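A note on names: the letters A, B, ... follow the listed sequences, proteins ahead of strands, and every chain is numbered from 1. Just so it is clear, the model here is predicted, and its values are computed rather than measured. No hydrogens, no waters, no symmetry mates; every other heavy atom, side chains included, goes into these values.
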Number of protein chains: 2
Amino acid sequence: MRTKADHFATDLNELATQAKALSHPARLQILQVIAQKESCICGEIVDDVPLAQSTVSQHLKVLKKAGLIQGTIDGPSVCYCLDPAALQLLRERFDGFLGDMIDESAATTC
Amino acid sequence: MRTKADHFATDLNELATQAKALSHPARLQILQVIAQKESCICGEIVDDVPLAQSTVSQHLKVLKKAGLIQGTIDGPSVCYCLDPAALQLLRERFDGFLGDMIDESAATTC
DNA sequence: TGACATAATCGTTATAAAGCGATAGAGGGA
DNA sequence: TCCCTCTATCGCTTTATAACGATTATGTCA
């Protein structure tokens, strides 16, 4: 694929990247599971999500790469938790992006 | 691809679908262009985005399918505009989803 | 009607993403 | 040490996405 990411503004690329991390229901559910459980062992996520262990692991990798979660090794298991600061930042970016757009487009009707 | 969308909650599927619409920098830029221009003729978008006309048309289709924009035929041209209500709804959904998660995860640190 | 402009669609190619089973590596306990 | 558990990675297949050029369809205007 000829992804012409270099032709777009940096902030648009970053926002698009984070939106992509949220663009799959399994990843959204994984985030919810991690948020709800007091502990966040990988195995529990696999139990709660209707996907194979290897697939869940891939999704976790995507979320980790996007900076939305972090995993720490806990003996034989891996404990995953959210990064509240990153989520808050993402929230603000989305809000800002959409908010600006809504303000500007208030007049435009076609 | 075996997209197991049916295995996930409806609201997660919908949010993921809309996030996917925002997951490409070209589409984000197109939204900005439409928001900024007072008129929103398709050709102007093509001029402002570093992609071929057919590619832009595809992106517009994705945005239209996601319900974020609408296009009305204006003679030989097509006038695109944002759907402020849809954008506002999306904004609130993101905000709610991320907000709930941040609240719940305040305690969880691993 | 004929020529031109605009935008959507088609056909094709290349890359990314999603999914799974199997394997590998790292710890912990018997 | 040996086995078991847990999770990441590999290899593979299937489907989706992105991109473009070429074509088609629809209007406008001379």
Side-chain angles (χ1 to χ4, degrees), chain A residues 1-8 12-13 16-30 33-34 37 39-66 69-81 110, chain B residues 1-8 12-13 16-30 33-34 37 39-66 69-81 110:
Chain A
M1 198 184 321
R2 285 155 283 188
T3 303
K4 300 196 159 181
D6 25 310
H7 296 158
F8 299 102
L12 291 186
N13 280 326
T17 298
Q18 291 190 296
K20 185 171 283 183
L22 299 181
S23 73
H24 195 289
R27 288 197 284 272
L28 297 180
Q29 190 181 344
I30 288 172
V33 170
I34 297 178
K37 301 261 181 187
S39 72
C40 43
I41 300 299
C42 176
E44 295 183 290
I45 301 169
V46 174
D47 291 341
D48 285 4
V49 176
L51 295 172
Q53 179 266 324
S54 57
T55 307
V56 172
S57 192
Q58 285 286 357
H59 284 308
L60 285 168
K61 191 178 181 180
V62 172
L63 290 171
K64 199 156 51 174
K65 195 172 179 183
I69 64 174
Q70 43 189 194
T72 56
I73 298 175
D74 177 24
S77 311
V78 176
C79 179
Y80 280 100
C81 64
C110 67
Chain B
M1 200 183 316
R2 285 155 282 191
T3 302
K4 300 197 160 182
D6 24 311
H7 295 159
F8 299 102
L12 292 186
N13 279 326
T17 298
Q18 291 189 296
K20 185 172 285 183
L22 300 181
S23 71
H24 195 289
R27 288 196 284 270
L28 297 180
Q29 190 181 344
I30 288 172
V33 170
I34 297 177
K37 300 259 182 188
S39 73
C40 42
I41 300 299
C42 177
E44 295 183 291
I45 302 170
V46 174
D47 291 342
D48 285 5
V49 175
L51 295 172
Q53 180 265 323
S54 57
T55 306
V56 172
S57 191
Q58 285 286 358
H59 285 307
L60 286 167
K61 192 178 182 180
V62 172
L63 291 171
K64 199 157 51 175
K65 195 173 180 183
I69 63 173
Q70 44 188 195
T72 56
I73 298 175
D74 177 23
S77 310
V78 175
C79 179
Y80 281 100
C81 63
C110 69

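Using a 4.0 Å heavy-atom criterion, one finds that B/Ile73 contacts no nucleic acid atom at all. Across all strands shown, A/Ser77 has heavy atoms under 4.0 Å from sugar-phosphate atoms exclusively, and none from any base.
The aromatic rings of A/His59 and A/His24 lie tilted to each other, with the angle between the two planes from 30° to 60°.
Heavy-atom nearest nucleotides on DNA chain C were determined for A/Val62 and for B/Gly43, and the one closer to the 5' end corresponds to B/Gly43. With the nearest nucleotide of DNA chain C identified for both A/Arg27 and B/Glu44, B/Glu44 has the one nearer the 5' end.
Within the 4.0 Å cut-off from OP1 or OP2 of D/dA19, not a single side-chain nitrogen or oxygen of B/Thr55 is found. For the pair A/His59 and C/dG19, the criterion of a side-chain N or O lying under 4.0 Å from OP1 or OP2 is met.
Following rounding to the nearest Å, B/Asp74 (CG) and D/dT26 (P) show an atom-to-atom distance of 17 Å. One atom, CD1 of B/Ile30, and another, P of D/dA19, lie 10 Å apart when rounded to the nearest Å.
Listed nucleotides: D/dC20, D/dA19, D/dT28. Nearest to the side chain of B/His24: D/dA19. Residue B/Leu51 has its side chain nearest to D/dC20 when only D/dC20, C/dA7, D/dT9 are considered.
Of the residues B/Val56, B/Asp48, B/Val62, the one that meets the side chain to side chain contact (heavy atoms under 4.5 Å, CB included) test with B/Ile30 is B/Val56.
You'll find a donor-acceptor pair under 3.5 Å spanning the side chain of B/Gln53 and the base of C/dA8, going by distance alone.
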